[in-house]
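These values consider heavy atoms only, across backbone and side chains, with no hydrogens, waters or symmetry-generated copies. Both ligands and their constituent atoms are indexed starting at 1 by order of listing. Starting from 1, each residue takes its place in the sequence as its number.
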Amino acid sequence: MLEVSDLMKNYGRKQALDGVDLRVEKGETVVIMGPSGCGKSTLIRCINRLTEPDSGAIRLAGQPITDLNLHELLAVRRKIGFVFQHFNLIRRLTALDNVAMPLRLQGVSVEEANRRAECALGKVGLGTKLQDRPDELSGGEQQRVGIARALALEPEIMLWDEPTASLDPILIGEVLEVMEELVQEGNTTMLIVTHELSFARRAADRIVFMDKGRVVEEGPPQQVFEHPTSEIGKKYHQLLRH
Ligand SMILES: Nc1ncnc2c1ncn2[C@@H]1O[C@H](COP(=O)(O)OP(=O)(O)O)[C@@H](O)[C@H]1O
Ligand SMILES: [Mg+2]
């Protein structure tokens, strides 16, 4: 489904990605973990070219993402759901309109966009809050609107960049619960950056540890958390023992 080869990215003299290789199979849930600044966001943002890599190749569902022109890229982005750390909701729009708007912009009819938005909001447990504006929703609910907005695209792959990182601890659980339900459904390929260890252990088919712009270890959760070989893996192993 997704194949990243030898991806490099510098910001000025700062090296963010130093030759990343990554494969994600169709239907797989892969969780990326690693210390702050190790290049996780850069990697995930390169996949739909919100950030332009310097070199390397990305193939998604048979398409060479790195070679596409803008028009082709916009078409491919419609198949990629992106959930951000900051929810980026439009404050003056209702939950329904926040989810339906991207679909309408893609040329989906108003009725069809609203139907898909309502369905996606139902899935994340917000079926009774369609008309609420972001200010009327808790942080957890706002992020669930962000998730619904990605789901409504009926994406082939969903990219998640620390979706719970800006939530109060008491609100994290409801978002993780929704994420886990979506993973269990198994319809969508998932690439998730998160620091949530217990979620990663339960939900991931495979964990990828990054450090200093490189993938340093990967494998099933059981293997990499119980018998890590990398320095980063050993740190997570310690955390899980406390
Ligand atoms: N827009 C940017 N301009 C300059 N440096 C950046 C930019 N974005 C990220 N960086 C740097 O690149 C490195 C990787 O950042 P990032 O991908 O955000 O890491 P992570 O998501 O793992 O915390 C960090 O050292 C960060 O400071
Ligand atoms: Mg980040």
Got a sec: does the CD of Gln222 have more than 12 other heavy atoms crowding it under 6.0 Å?
no

Show the nearest heavy-atom pair for residues Met33 and Ala200, with the distance to one decimal.
SD-CB, 4.0 Å

Atoms named by residue and atom, protein N, O or S, within reach of the Mg ion (ligand 2) (under 2.8 Å)
Ser41 OG

Can you check whether Thr229's main-chain N or O pairs, donor with acceptor, with Glu217's side chain at less than 3.5 Å?
yes

When you measure from atom 3 (N) of ligand 1 to the protein, is at least one non-hydrogen atom found at a distance under 4.0 Å?
yes

Applying side-chain hydrogen bond (donor to acceptor under 3.5 Å, both in side chains), can you list everything that pairs with Thr51, at least two apart in sequence or on another chain?
Arg45

Is any heavy atom of the protein nearer than 4.0 Å to atom 13 (C) of ligand 1?
yes

To which protein heavy atom is atom 15 (O) of ligand 1 closest, and what is the distance rounded to 0.1 Å?
Thr42 OG1, 3.9 Å

Ala148 to Leu121 - nearest heavy-atom pair and separation:
CB-CD2, 3.8 Å

Please compare Gly37, Pro35, Gly34 and report which has the shortest non-hydrogen distance to atom 20 (P) of ligand 1.
Gly37

Has the side chain of Asp54 got a donor or acceptor atom that lies under 3.5 Å from a matching backbone atom of Asn10?
yes

Are the side chain of Gln143 and the backbone N or O of Pro163 linked by a donor-acceptor pair below 3.5 Å?
yes

Is the shortest distance from a heavy atom of Gly39 to ligand 1 less than 4.0 Å?
yes

